[in-house]
Amino acid sequence: MSAGTVIIGASHAGVTCAAALREAGYTDRILLVSEEEGIPCHRPPLSKGYMTGAVSADSLPLKSASFYQEDNIDLLTGVKATAVNPGQKNVVLSNGKIVSYDYLVLATGSKPRPWHGADLPEHVYTLRTVQDAASIARRAASLSGAVVVIGGGYVGLELAATLRTHFKKEVHIVEMAPRLLRRAASAELSEYVAELHKKAGNFLHLSCPVKAINAGHKTIIDVVLHDDAVINAEMVILGTGIVPEQTLAGEAGLACQDGIVVDKFCKTSDEFIFAIGDCSRFPVAHHAQTLRLECVQNAMDQARVAASVIVGEAKEYAAVPWFWSDQLGVKFQTAGIIEDGMTCVVRGEKSSGKYALFHFYSNGRLGAVETINQPALHMLARRLLAAEISPDMQQAGDVQFDLKGLIGK
């Protein structure tokens, strides 16, 4: 009897992989193991709509409870995988059980980067789960003082926007880099986002490492900056980034390098084990580099690739990386990979709040497009990048030029 496929991790990557296996006609057992309690949920709304009440708890599940029953997927929640034994092709679970597999999919995701200081005082939060989001929202609704968000990445900025516009809080964004979104966006887009937050009333502290987070008087938290300046807050949110959950893989002897190393089919160094989503480091189509991509779409794309290999219809990962963020009434979308040294061409008027940034390599090839409130152009940019079709820089900057004509209607 087949041991089937075991999937460790039940966020977007894990759940999508299970669904894709069944859609492809896979009939063997699927066991989906989740360390978290409860039905697996969407994460993107947690920093936005869920906190404001615009997104209800009932709409958060990735799939309904009936989906797992109807598709014969064994969902095991509140249980952690504690060891993987590739030689025996089994997984040890925290409930004492040992489960065998034909194929193993590691969708272990990531965890908040550990804080470097001593024990943190009360009301210092990270955001990873529904419970985290609910705790932050309750605290925000009850406090009258300031909030400090440490970290100027997309999730931290989305939280800062929500806390300012919905909860009407005084928000301080503290970032150790000289600009916001240092890893995720171009300098040009970072500047626009910074101005957006300042206009909303948020305070930016850039090039500002945090030295300490200390308990102050009563409910006050003292956030001590590198120059010994202190921001007094009633809540602190750590948005200092995430690290891949690769402990299981490393202890099992799989190749890891700031992520579980996989090939273009999402296979690890063991041919029967795959890694997908935030935890994986993978080769990027049309690029010499490998990377980890912390976004929902990548997790889902890789999940489908792994499923295709398991069912014997292997399709390599060749998707154009893309991601998005909604904050302060603006939709930011990025297609492709932004690298240092690219030439940026602006399409449209920045003052209109609806424009795009086209980024070119030195050889004139289009490498990435950032759009602001232009979802149709974002979709077109993904098509151009996937087809390896590049407008020239003059065409990219001319709003009258029909970019769609480059690839046909």
Is there a donor in the side chain of [X] and an acceptor in the side chain of [Y], or the other way round, less than 3.5 Å apart?
X    : Y    : value
Q302 : S280 : yes
E370 : H359 : yes
R128 : S110 : yes

request  = For the pair K211 and D228, evaluate salt bridge (charged side-chain N to carboxylate O under 4.0 Å, His left out) and give the outcome as yes or no after the intermediate values.
outcome  = CA-CA 8 Å; K211 183 183 292 185; D228 292 324; 2.6 Å; yes
task = Please assess S135 against D132 for the test side-chain hydrogen bond (donor to acceptor under 3.5 Å, both in side chains), listing each intermediate value before the final yes or no.
result = CA-CA 5 Å; S135 296; D132 294 337; 5.8 Å; no
Check [X] against [Y] and note the closest heavy-atom contact, atom names and distance.
X    : Y    : answer
A249 : L106 : CB-CD1, 4.0 Å
L248 : T82  : CD2-C, 3.6 Å
D258 : R281 : OD2-NH2, 3.0 Å
V171 : A160 : CG1-CB, 3.8 Å
A146 : H172 : CB-CD2, 4.1 Å
F360 : G364 : CD2-O, 3.3 Å

query = R292 side chain to D278 main-chain N or O, any donor-acceptor pair under 3.5 Å?
reply =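 It does hold such a pair.
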ask   = Donor-acceptor pair, T290 side chain versus P283 backbone, under 3.5 Å?
value =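 Side chain of T290 to backbone of P283: no pair is present.
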Say you draw a straight line from [atom1] of [X] to [atom2] of [Y]; how long is it, rounded to the nearest 0.5 Å?
X    : Y    : atom1 : atom2 : result
I173 : K198 : CD1   : NZ    : 11.0 Å
K111 : T126 : NZ    : OG1   : 12.5 Å
N232 : E170 : CG    : CD    : 10.0 Å

query = Should the pair R29-D74 be classified as a salt bridge under the 4.0 Å nitrogen-to-oxygen rule?
reply =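 Salt bridge: yes.
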query = Any Lys/Arg nitrogen of E313 or K315 sitting under 4.0 Å from an Asp/Glu carboxylate oxygen of the other?
reply =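 No, E313 and K315 are not salt-bridged.
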query = Is the F265 to Y317 ring centre distance short of 6.0 Å?
reply =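 No - the distance between ring centres of F265 and Y317 does not fall below the 6.0 Å cut-off.
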Considering residues, nucleotides and ligands other than [X], do more than 12 of their heavy atoms fall under 6.0 Å from its [atom1]?
X    : atom1 : value
Q395 : CD    : yes
Q257 : CD    : no
R382 : CZ    : yes

task = Decide side-chain contact (heavy atoms from CB on, under 4.5 Å) for V149 and L238; before the verdict, give the C-alpha distance in whole Å, the side-chain angles of both, and the deciding distance to 0.1 Å.
result = CA-CA 6 Å; V149 177; L238 298 178; over 6 Å; no
query = According to the side chain to side chain donor-acceptor pair (under 3.5 Å) rule, which pairs have a member within residues 321-330, sequence neighbours left out?
reply =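 Qualifying pairs: E158-S325, H197-Q327, S325-Q327, D326-K331.
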Atom pairs and distances, side-chain donor-acceptor, residues 336-346, under 3.5 Å, sequence neighbours left out:
from	atom 1	to	atom 2	distance (Å)
E339	OE2	H287	ND1	3.4
E339	OE2	Y361	OH	3.3

ask   = Tell me, do F323 and Q297 make a side-chain contact under 4.5 Å, heavy atoms counted?
value =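 In short, these two side chains do not touch, never coming nearer than 4.5 Å.
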request  = With the side chain counted from C-beta on, respond yes when Y68 and I39 share a heavy-atom pair under 4.5 Å apart, and no when they do not.
outcome  =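 Answer yes - side chains close enough.
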inquiry  = Once you measure the plane-to-plane angle for Y192 and Y355, does it fall in the parallel (<30°), tilted (30-60°) or perpendicular (>60°) bin?
reply    =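 Geometry flag for Y355 against Y192: perpendicular rings.
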query = Should the pair Y154 and F332 be assigned to parallel (<30°), tilted (30 to 60°) or perpendicular (>60°) ring geometry?
reply =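 Plane angle between 30° and 60°, so tilted.
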ask   = Under the ring-ring contact (aromatic ring centres under 6.0 Å, His included) rule, what pairs show up with a residue in residues 21-41, not counting sequence neighbours?
value =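 Listed by first then second residue: nothing to list.
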